[in-house]
Every structure is written in C-alpha cells, then in structure tokens.
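The figures that follow rest on heavy atoms only: side chains count, while hydrogens, waters and symmetry mates do not. In listed order, ligands and their atoms are each counted from 1. Residues: numbered from 1 along the sequence shown.
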Amino acid sequence: MTDITTKDLIAMFVGIAAAIEAEKGRLSELDGIIGDADHGVTMSIGFSAVNEALSRLDQGSADPATVLSTSAKAFLNAVGATSGPLYATAFIRAAAAIKGRPVLDRDAVVDMVSAMAKGIRDRGKADCGDKTMIDAWVPAAEAAEAARLAGRDLSECLDAALFAAQAGAETTKSMVASKGRASRLGERAIGHMDPGAASAVVILSAIARSLGRRS
Ligand code: ADP
Ligand code: MG
C-alpha cells in the first residue's frame with residue numbers, strides 16, 4: 001500500500017484544475033440553463049488560484065493538512081460565487097480530518113472525502129433531493145465509506161465514490177431545485193443536470209485518477 005504524500009495531494013489539485021479547465025465550457029453551459037452561466041468559469045478561477053497558492057508552498061516542510069488549508073483560503077479568496085465558501089469549507093474540513101498525519105493511507109483519504117461532503121452540507125444546508133452538488137457529494141462519500149467497510153483498496157473506494165457521484169448527478173435532472181439560483185425556476189429546472197453536481201463528478205474523477213493510481 002502506497003502512502004499519499006504532500007506532493008501527491010498537490011498533484012491531485014493540478015489534476016483537478018486540468019479536468020475543470022477541460023470541462024469549463026460544459027459546466028458554464030449547464031449553469032446557463034438553470035443559473036447564471038458562470039459555474040465553469042468560477043470553478044476554473046478557484047482551482048487556478050489553489051494551484052498558484054500551492055506552487056508557493058515548500059513541499060518539503062508542508063504536511064497534507066497544510067495543502068488543504070492553503071487550498072481553502074485560496075479558493076475562498078478567488079471565488080465570489082456560491083461555490084466559493086462551499087468548497088472552502090470542504091477543504092477546511094478535509095484538513096481537519098487528516099490533521100497531524102505526515103502521509104495519508106486509504107482510511108485517511110476516505111475520511112477526507114467524507115469530511116468534504118459533510119462540510120459542503122453543513123455550510124450550504126442542502127439535503128439530497130435539493131438539486132445541488134450535495135446530490136453528488138453525499139452518495140460519493142457514502143459509497144467510499146461502504147467500499148472501505150467492505151475491505152476494498154483506495155483505488156476501489158475512490159472509483160465507488162465516482163460511480164455514486166455520477167449516478168447522483170444524473171438524478172438531479174429530474175429534480176426541482178430548492179436551493180441556489182435554480183430554485184427560482186421551479187419546474188423549468190426539470191430535465192437539466194445541476195452544474196454543481198456535474199463539477200463534483202469532474203472533481204471526484206480527477207481525485208480517483210490521481211490518488212487511485214498511487215494505491
Ligand atoms: P452561483 O449560483 O453563485 O453563480 P456557482 O454557479 O459557482 O454559484 O455554483 C452553482 C452551484 O452551487 C449549483 O449548481 C449548486 O450545485 C450549488 N449550490 C447552490 N446552493 C447550494 C447550497 N445551499 N448547498 C450546496 N450546493 C449549492
Ligand atoms: Mg452560477
């Protein structure tokens with residue numbers, strides 16, 4: 001079993017930024033249908049700022065929790081949209097979940113994913129069924145925890161999280177939104193995937209590719 005290091009977490013954020021960049025147009029298009037068309041752009045600005053901040057970290061002395069708390073600050077400062085404080089809280093909680101660990105094993109990475117989901121939920125006060133990123137993050141965290149309980153390795157836990165997020169994002173198509181801008185649309189939001197759920201899939205896919213490969 002390979003331990004996830006500070007360097008691996010920084011590489012994970014590089015991977016997330018690249019994946020968001022590749023999907024930026026699609027995410028903003030989705031937001032254009034049920035929101036204000038900026039989601040791809042805001043996520044791209046956020047993860048670029050994260051990578052800019054991480055590039056200034058001393059990889060030799062920073063621990064994994066510092067990578068996450070640095071990312072939280074950078075994301076919050078860069079993103080004025082709703083997703084800014086939501087992901088900043090996710091990263092702060094993730095940092096708290098792995099605080100003091102010099103390297104991360106499977107259990108710590110699953111704890112990190114669960115802490116992110118819980119942080120977004122606590123901050124945004126959305127539940128499953130509200131047509132938000134929570135419809136992807138909560139099932140993802142539950143699936144990762146279930147895979148861990150079943151004795152799966154890190155790569156399998158992260159794949160389980162990704163598949164659950166994909167399925168969860170699909171379910172948002174049939175929902176009416178009760179949180180965020182899309183809630184103003186009522187039934188007109190039906191038939192369209194929530195952009196925040198779509199970007200959660202992009203993020204979890206990049207995490208699975210980046211950290212899963214290391215296990
Ligand atoms: P804004 O709506 O301010 O333009 P973004 O476009 O960056 O922000 O993000 C929109 C996404 O934020 C939505 O698609 C939804 O997934 C998510 N969202 C909105 N409100 C909440 C909330 N209360 N809890 C969780 N996620 C939310
Ligand atoms: Mg928007």
Any nitrogen or oxygen of [X], main chain or side chain, under 3.5 Å from a nitrogen or oxygen of ligand 1?
X	value
A126	no
I134	no
I120	no
T42	yes
K131	no

Should the heavy atoms of other residues, nucleotides or ligands under 6.0 Å from CZ of R123 be counted, would the total exceed 12?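 No, the 6.0 Å shell around CZ holds no more than 12 heavy atoms from other groups.
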
Who's the nearest protein heavy-atom neighbour of [atom], and how far?
atom	answer
atom 7 (O) of ligand 1	S83 OG, 2.5 Å
atom 19 (C) of ligand 1	T82 CG2, 3.7 Å
atom 12 (O) of ligand 1	M133 CE, 3.9 Å
atom 9 (O) of ligand 1	H39 ND1, 3.2 Å

Verify side chain to side chain contact (heavy atoms under 4.5 Å, CB included) between D3 and D105, making sure each step is shown before the conclusion. CA-CA 5 Å; D3 287 325; D105 58 7; 4.2 Å; yes

Start with the C-alpha gap between K179 and T82, add the side-chain angles, then the distance that decides, and say whether side chain to side chain contact (heavy atoms under 4.5 Å, CB included) holds. CA-CA 11 Å; K179 288 277 189 302; T82 315; over 6 Å; no

What part of L86, side chain, backbone, both or neither, has a heavy atom within less than 4.0 angstrom of ligand 1?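 Side chain only.
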
When you look for heavy atoms under 4.0 Å from ligand 1, do you find them on the side chain of R181, its backbone, both, or neither?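 Answer for R181: side chain.
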
Please determine which of V109, D111, L154, D153 meets the side chain to side chain contact (heavy atoms under 4.5 Å, CB included) test together with R148.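 Per the side chain to side chain contact (heavy atoms under 4.5 Å, CB included) rule, the option paired with R148 is D111, out of V109, D111, L154, D153.
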
State, with a plain yes or no, whether a side-chain heavy atom of I190 is found less than 4.5 Å away from one of V176.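 A side-chain contact exists here, since the closest heavy-atom pair is under 4.5 Å.
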
Is there a side-chain contact between L76 and P85 (heavy atoms, below 4.5 Å)?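 In contact.
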
List the steps, then state whether side-chain hydrogen bond (donor to acceptor under 3.5 Å, both in side chains) holds for D130 with S178. CA-CA 5 Å; D130 286 344; S178 34; 2.7 Å; yes

So which N/O/S atom does D38 have closest to the Mg ion (ligand 2)?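 The atom in question is OD1.
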
What N/O/S atom of D36 gets nearest to the Mg ion (ligand 2)?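 For D36, the N, O or S atom at the smallest distance from the Mg ion (ligand 2) is OD1.
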
Under 4.0 Å from a heavy atom of G180: give me the atoms of ligand 1 that qualify, with their elements.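 The atoms of ligand 1 under 4.0 Å from a heavy atom of G180 are 19 (C), 20 (N).
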
Quick one about S48 and N51 (side-chain donor to acceptor, distance below 3.5 Å, no hydrogens or angles considered), yes or no?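 The criterion, which ignores hydrogens and geometry beyond distance, is not satisfied for S48 and N51.
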
Could you go through K131 and I34, starting from their C-alpha distance and side-chain angles, then the distance that decides it, and tell me whether this counts as side chain to side chain contact (heavy atoms under 4.5 Å, CB included)? CA-CA 11 Å; K131 196 179 181 98; I34 64 165; 3.8 Å; yes

